[in-house]
Amino acid sequence: MDRATELLFYVNGRKVIEKDVDPETMLLPYLRKKLRLTGTKYGCGGGGCGACTVMVSRYNPITKKIRHYPANACMMPICSVYGAAITTVEGIGSTKTRIHPVQERIAKCHGTQCGFCTPGMVMSMYTLLRNHPHPTLDQLTDALGGNLCRCTGYRPIIEACKTFCNTSGCCQSKENGFCCLNQGLNGLPEFEEENKASLKLFSEEEFLPLDPTQELIFPPELMIMAEKQPPRTRIFGGDRMTWISPVTLKELLEAKVKYPQAPVIMGNTSTGPKVKFKGVFHPVIISPDRIEELNVVNYAHNGLILGAGLSLAQVKDVLTDAILKLPEERTQTCRALLKHLGTLAGSQIRNMASLGGHIVSRHLDSDLNPLLAVGNCTLNLLSKEGKRQISLDEQFLGKCPSADLRPEEILISVNIPFSRKWEFVSAFRQAQRQQNALAIVNSGMRVFFGEGDGIIRDLSISYGGVGPTTVCAKNSCQKLIGRPWNEEMLDAACRLLLDEVSLPGSAPGGKVEFKRTLIISFLFKFYLEVSQILKRMNVDPKQLLQDPVGHPIMHLSGVKHATGEAIYCDDMPAVDRELFLAFVTSSRAHAKIVSMDLSEALSLPGVVDIVTEEHLQGVNSFCFLTKPEKLLESNVVFCVGQLICAVIAESEVQARRAAKRVKIVYQDLEPVILTIEEAIQHKSFFEPERKLEYGNVDEAFKVVDQIVEGEIRLGGQEHFYMETQSMLAVPKGEDQEMDVYVSTQYPRGIQDIVASVLKLPANKIMCHVKRVGGAFGGKAFKTGVLAAITAFAANKHGRAVRCVLERGEDMLITAGRHPYLGKYKAGFMNDGRILALDMEHYSNGGFSLDESLLVIEQGLLKMDNAYKFPNLRCRGRACRTSLPSSTALRGFGFPQAGLITESCIMEVAAKCGLPPEEVRMINMYKEIDQTPYKQEINAKNLIRCWKECMTMSSYSLRKAAVEKFNSENYWKKKGLAMVPLKYPVGLGSRAAGQAAALVHIYLDGSVLVTHGGIEMGQGVHTKMIQVASHELRMPLSNIHLRGTSTETVPNTNVSGGSVVADLNGLAVKDACQTLLKRLEPIISKNPRGSWKDWAQAAFDASISLSATGYFRGYESNMNWETGEGDIFEYFVFGAACSEVEIDCLTGAHKNIRTDIVMDVGCSINPAVDLGQIEGAFIQGMGLYTIEELNYSPQGVLYTRGPDQYKIPTIRDVPTEFHVSFLPPSQSSNTLYSSKGLGESGIFLGCSVFFAIRDAVNAARRERGLCGPLTLNSPLTPEKIRMACEDKFTKMIPRDKPGSYVPWNISI
């Protein structure tokens, strides 16, 4: 074999030759660190989020075609890109040259907020357009299915991309014979007239046209190389690994003989995650490149022959083609495979992963293997000894040696037989969300009747997700042959399957009863499918907007987000002699550290130091709020994920490698308290208890008609900001000064803790924040701890130190939203009026206080939501447990407290036999009223929002339509729910609401604005420039904003609580007014002058052109002794109506439509505010329906990345999503009478929760189940399915609690 001397590929049209390549390097770090192309982002490292999407182009010398496809750079070994052309976001356009139409439209359509996901979105869309210049809406949503966004709610991204579709203005839905273009927007003609004069959020006429002739050409050198170069095996050797790339079948077989244990990889989507996340190591990797025999597509007389090297995306195209060419009866297996390929992973992974790799990996949750097994597929193998064919059956899937590949064999191709007449094949899967989520259970089923008599001649059923590998139910199928296809057969089949496909109660992955139910639910769905053809509905996103006040100015960084030029913390160039820091965390929930051996870690190459508690003596704790918290722990750990020490090394790879070699011996301690119930049992609480009381509850209970008691649990939520915790500490070299660049919401907090740890005054430490790639409350206090340790290491060694958490450790260390338990007792009259309410709130605070007391307080103060309860008592306790400390997350206690109250309302409605919306209305605040803490409230706009939402959503008509649908469908049900919103805005003290700004006018008339707020996607910098432009009466283009720094604006408060733009805007306004007052004499002398003239004249007259602005904060106070206070400045009102459809057999749900009406005051920037509402709603929808954290019984977090933890994707957005604002109706003390909207919308996501509950109740009523039903949050497919009780749920075996150790526990 020839050794290749160099790796050759192109990036953005420029040739890259790498002579000394390490095969362990992935393309992403190479692009970011070596080529300094930082537009491609690190989001998760596992191909699950799409932030690192690039376009890969390859030339095929046989077909003479160029293939463009999207790929996750984090998963692509650098050696695999030989001969390829890579295009990154920088390569398609920039502000320095010209921006690409995709970049322009995603920015101008307001499709960016924090902007961290935007380059990946742009590249996914760009690649689609390279292949399909006029895509359909289905192609568009499919292309973006592998890209996650946490901020926008996806709607503006879809709108931007739809401008490239042939019919971008149309819903593309002719369902029921209607199109949106024929009947006003979204079939709501009554809104059309009103909107004709409305301000459009963007103007399509101004967009750059898409011109395919202007794109980068494929490098001719790579074409010539592919055509002319003699094929030879390429070998790249690193310190630990050798990469072998054979280019002929003969060389591949030789390599396999020489290295029989070496894995053969194509896309690295199976081997890569094992290496990265499970520590698997391969000294040799064989990666075949462009071997013709591995890419065959042959139509034989009895089936398809597909090369094992074809990507899953290519397989999808081949199957689509086959279905068009062949009669339906011959393509049953093809259709079933195609169905699963539509939801399997995202477009990037499908383009990287190979068919052969997917088959041979034999993952227990493989989507294709169960189908290939029931389709009687066979595998064509080859070795030096010759050809062999084996069946893809239970023995192969179970890795039985006699039916498996031999070490020296290669899988060449797969035979997929065509189906026959009277043969039916179906695919089923249920995952946590619709797309890009591993299946909880999947299945392939095939039945052959021989002829139309309905007698089973052959039956094959396979399942994934219910055992260590794919399970084939051979015995059950054998016993059913010869039986007619009827209800008796179905009943027997269910019992046989449950007996054969058994699942222990402690099975990995949990959800055992749900999985057992799915086993037979899938069979029943197959039974129905075969018995009758089911209608399949296609739905497309659309949007309605009402006339908003103000101007929809594009996000200040929108274009830079889209071009990849926006710099985030880890995009900053490496500083000379920079070090990297990696943390070592506890692996036990409660234990004494007996010993810690650092010797092996310290002996590894590149390791400089390991910082422990010993180094931090005297400075190892810091008090952010009320109680000091330790930074590093070396004695007793109180949770899995607690920081123990930090490894400092020359590179990230070396630091992470050494962190794994730190040996810690633990002695477990009791008790380990994980759940709220355990905390209550052990009386493990943080002090004090908080209590709010209004009226006389005990007396009121004596006069009511009825009393209801209940409880509801809410799981936690991960922030899942796209940019993980990132920081860079740079010692300045003199006077002990240090600059700390960090992705944080709280620069002053960082400054304070770093100064404390370094024993320096704050004036030596400067904290700088340009922008943050999403935060949602998770980048405040815990970020400070990480930054302090990083700064300590930098100070100790006099060298810059960088720390960037990987997604998994970020989720483990930082935790998120508080899980809650709410108990309620309500006394009410028969007409639904609630006269007495007694409540208890318990939150799971984790092992340290953090912000848990504040969260409990805010939850209590906001628990009334939109309702006036004349007699109320509510107690709140934060529980101390053996978990990482829960912290602030968007909504700060209200999403939990509000759901508890709404659940109580639902129970009252059920007891009264009244519709929930009637009970909501009768208990709602009536115009001028008083809150439980005796603050006056004017609820006029609450009632307006409620009534407008009723009208806009056509609630009454749709309620009747839902009831009609439910009466006609047994296995599918629709649900409709409407919830009101009252969200009080305020910070609890005047000091917490103060803000400052600094505005300079330069002699050329340009203006520089700085303020104390952090730009984290909510558009605060954009709004500040709008404020300065308005106050100084100058164009936006004249004003610049550099970022936030403690150097320019000192003593800033944390950015959060929906008030960042409000408070800082008032400070900017103050500074601008000061300047304008000084300049009045100058301007009045020369009213027609330019700002340049006025600035020069002021300078000549010795008038200062710099001013600080200041806002003291709103008056705010709360006395918990008396339970009274005037704590909130104003209230945000709103209402949401959501409609869903559930599948009673699997628990899947579809979000059909959501209508939201919000009272936003006078919006400063309607595009930004709309984005905040939509993004919050989708995040709330995730909280209440699919985002589920799983912990082991030992307190270990299982869900540590997008593979396990599912946030909503583009396909989870309601098919119809209408957001409208109330007209501005009142002036207030806020900035231009605007309202802060960052948090309120998250609660409206519970309208989907209650719509699902409505659908479940409809199913239960039809099944004669009338008893009380408690549905906890999140309302996952598992909970939906198990609540829709039927003969199948009754049929499954149930394990007795205590008879097994469950895989996970409910926190």
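Atoms considered below: every heavy atom in the structure, side chains included; atoms not considered: hydrogens, waters and symmetry mates. Quick caveat: nothing in here was measured; it's all calculated off a predicted structure.
- R890 places a side-chain N or O within donor-acceptor distance of the main-chain N or O of G1238, the cut-off being under 3.5 Å.
- Each of S1240, S1220, C945 was compared with M1158 under the side-chain contact (heavy atoms from CB on, under 4.5 Å) criterion, and only S1240 meets it.
- Under the 30°/60° scheme for interplanar angles, the aromatic rings of F624 and Y746 are found to be tilted.
- Using a 4.5 Å heavy-atom threshold, the side chains of E1174 and T152 count as separate.
- Taking a cutoff of 4.0 Å between a charged side-chain nitrogen and a carboxylate oxygen, E689 and K691 do not qualify as a salt bridge.
- No side-chain heavy atom of Y824 sits under 4.5 Å from any side-chain heavy atom of D838.
- For H1011 and H1021, the distance between ring centers is under 6.0 angstrom.
- Residues V985 and K1235 form no side-chain contact, since every pair of their non-hydrogen atoms from C-beta on lies 4.5 Å or further apart.
- R873 has a carboxylate O that lies under 4.0 Å from a charged side-chain N of E693, or vice versa, which qualifies the two as a salt bridge.
- Counting only N and O atoms by type, the side chains of S743 and K779 include a donor and acceptor under 3.5 Å apart.
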Could you walk me through whether K862 and D864 pass the salt bridge (charged side-chain N to carboxylate O under 4.0 Å, His left out) test, one step at a time? CA-CA 6 Å; K862 297 173 183 177; D864 56 325; over 6 Å; no

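- Side-chain atoms of S1234 never come within 3.5 Å of backbone atoms of T1230 as a donor-acceptor pair (strictly under, hydrogens ignored).
- Taking each heavy atom of L1063 and G993 in turn, the nearest pair found is CD1-O, 3.4 Å.
- Judged by distance alone, the side chains of T783 and T744 never bring a donor and an acceptor atom under 3.5 Å apart.
- At a cut-off of 3.5 Å, with distance as the only test, no side-chain donor of Y933 or N1119 sits close to an acceptor on the other residue.
- A salt bridge between E927 and K940 is absent, with no side-chain N of the basic residue lying under 4.0 Å from a carboxylate O of the acidic one.
- A distance-only check finds a donor-acceptor pair linking the side chain of S1116 to the backbone of I1127 [under 3.5 Å].
- For the residue pair N1053 and Q994, no side-chain donor N or O sits within less than 3.5 Å of a side-chain acceptor on the partner.
- Taken to the nearest 0.5 Å, the CD atom of E857 stands 10.5 Å off from the CG atom of L692.
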Kindly indicate, with the supporting measurements, whether the criterion side-chain contact (heavy atoms from CB on, under 4.5 Å) is fulfilled by V1059 and L987. CA-CA 9 Å; V1059 293; L987 296 172; 3.7 Å; yes

Candidate pair V1009 and V1068, rule side-chain contact (heavy atoms from CB on, under 4.5 Å), full reasoning: CA-CA 8 Å; V1009 175; V1068 170; 4.1 Å; yes

Criterion side-chain hydrogen bond (donor to acceptor under 3.5 Å, both in side chains) on S1138 and T1154, from CA distance to verdict: CA-CA 4 Å; S1138 289; T1154 292; 2.8 Å; yes

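- Within 6.0 Å of the CZ atom in R1112, the count of heavy atoms belonging to other residues, nucleotides or ligands does not exceed 12.
- Within the 4.5 Å cutoff, the side chain of M839 has heavy atoms near those of the M863 side chain.
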Can you give me every donor-acceptor pair (side chain of residues 1069-1077, partner residue at least two apart or in another chain, under 3.5 Å) with its distance?
from	atom 1	to	atom 2	distance (Å)
D1070	OD2	Y1110	N	2.9
Q1073	NE2	E1031	OE1	3.3
T1074	OG1	D1070	O	2.9

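- A 4.5 Å side-chain heavy-atom check between I900 and Y820 finds at least one atom pair inside the cut-off.
- Distance NE2/H1218 to CG/D1155: 4.5 Å, rounded to 0.5 Å.
- The shortest distance between side-chain heavy atoms of E918 and I922 does not fall below 4.5 Å.
- When each of T931, N865, I943 is tested with Y925 by the rule side-chain contact (heavy atoms from CB on, under 4.5 Å), just one qualifies, namely T931.
- Residues I1014 and S1055 share a closest heavy-atom pair of N-OG, 2.9 Å.
- Ring geometry for F1217 versus F1177: interplanar angle of 30 to 60°, hence tilted.
- The side-chain heavy atoms of W946 and R920, taken from C-beta on, include a pair separated by under 4.5 Å.
- Side-chain N/O atoms of S886 and R817 include no donor and acceptor closer than 3.5 Å.
- A pairwise comparison of heavy atoms in P895 and L1183 identifies CB-CD2, 3.8 Å as the closest pair.
- Between G1012 and T1052, the shortest heavy-atom contact is CA-CG2, 3.4 Å.
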Quick one, R990 with E1115, criterion salt bridge (charged side-chain N to carboxylate O under 4.0 Å, His left out). Give me CA distance, side-chain angles, the key distance, then yes/no. CA-CA 5 Å; R990 169 163 263 175; E1115 191 58 56; 3.4 Å; yes

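- Looking at Q1172 and Q113, their side chains do bring a donor and an acceptor atom within 3.5 Å of each other.
- Around atom NZ of K926, more than 12 heavy atoms belonging to other residues, nucleotides or ligands sit under 6.0 Å away.
- A donor-acceptor pair shorter than 3.5 Å can be found between the side chains of D850 and T887.
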Between R690 and R875, is the side-chain contact (heavy atoms from CB on, under 4.5 Å) condition met? List the steps. CA-CA 6 Å; R690 287 299 188 213; R875 297 185 182 86; over 6 Å; no

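- Of the possible donor and acceptor atoms, one in the side chain of N871 sits under 3.5 Å from a partner among the backbone N and O of L835.
- The aromatic rings of Y867 and F869 lie tilted to each other, with the angle between the two planes from 30° to 60°.
- For the atom pair CD1 (I1039) and CD1 (I1025), the distance works out to 6.0 Å, reported to the nearest 0.5 Å.
- Proximity of the aromatic rings of F1133 and Y983 is defined here by a centroid distance below 6.0 angstrom, and this criterion is not met.
- A donor atom on one side chain and an acceptor atom on the other are found under 3.5 Å apart for Y694 and K868.
- Here the side chain of N923 pairs no donor or acceptor atom with the backbone of R833 at under 3.5 angstrom.
- In this structure, a donor-acceptor pair under 3.5 Å is present between the side chains of S852 and H818.
- Pairs engaging residues 1120-1136 under the side chain to side chain donor-acceptor pair (under 3.5 Å) rule: Q935-D1126, E1129-N1229 [sequence neighbours left out].
- Q745 contributes a side-chain N or O that, together with a main-chain N or O of G777, makes up a donor-acceptor pair within less than 3.5 Å.
- Counted by atom type alone, D1169 and S1163 present one or more donor-acceptor pairs between their side chains at under 3.5 Å.
- Shown here for P1208 and G1182, the closest heavy-atom pair between the two residues is CG-CA, 3.7 Å.
- Considering all non-hydrogen atoms of both residues, T1048 and L998 come closest at O-CD2, 3.9 Å.
- Side-chain contact between Y1184 and V1248: absent, with no pair of heavy atoms (C-beta onward) separated by less than 4.5 Å.
- The distance from atom CD of E851 to atom CD1 of I856, rounded to the nearest 0.5 Å, is 13.5 Å.
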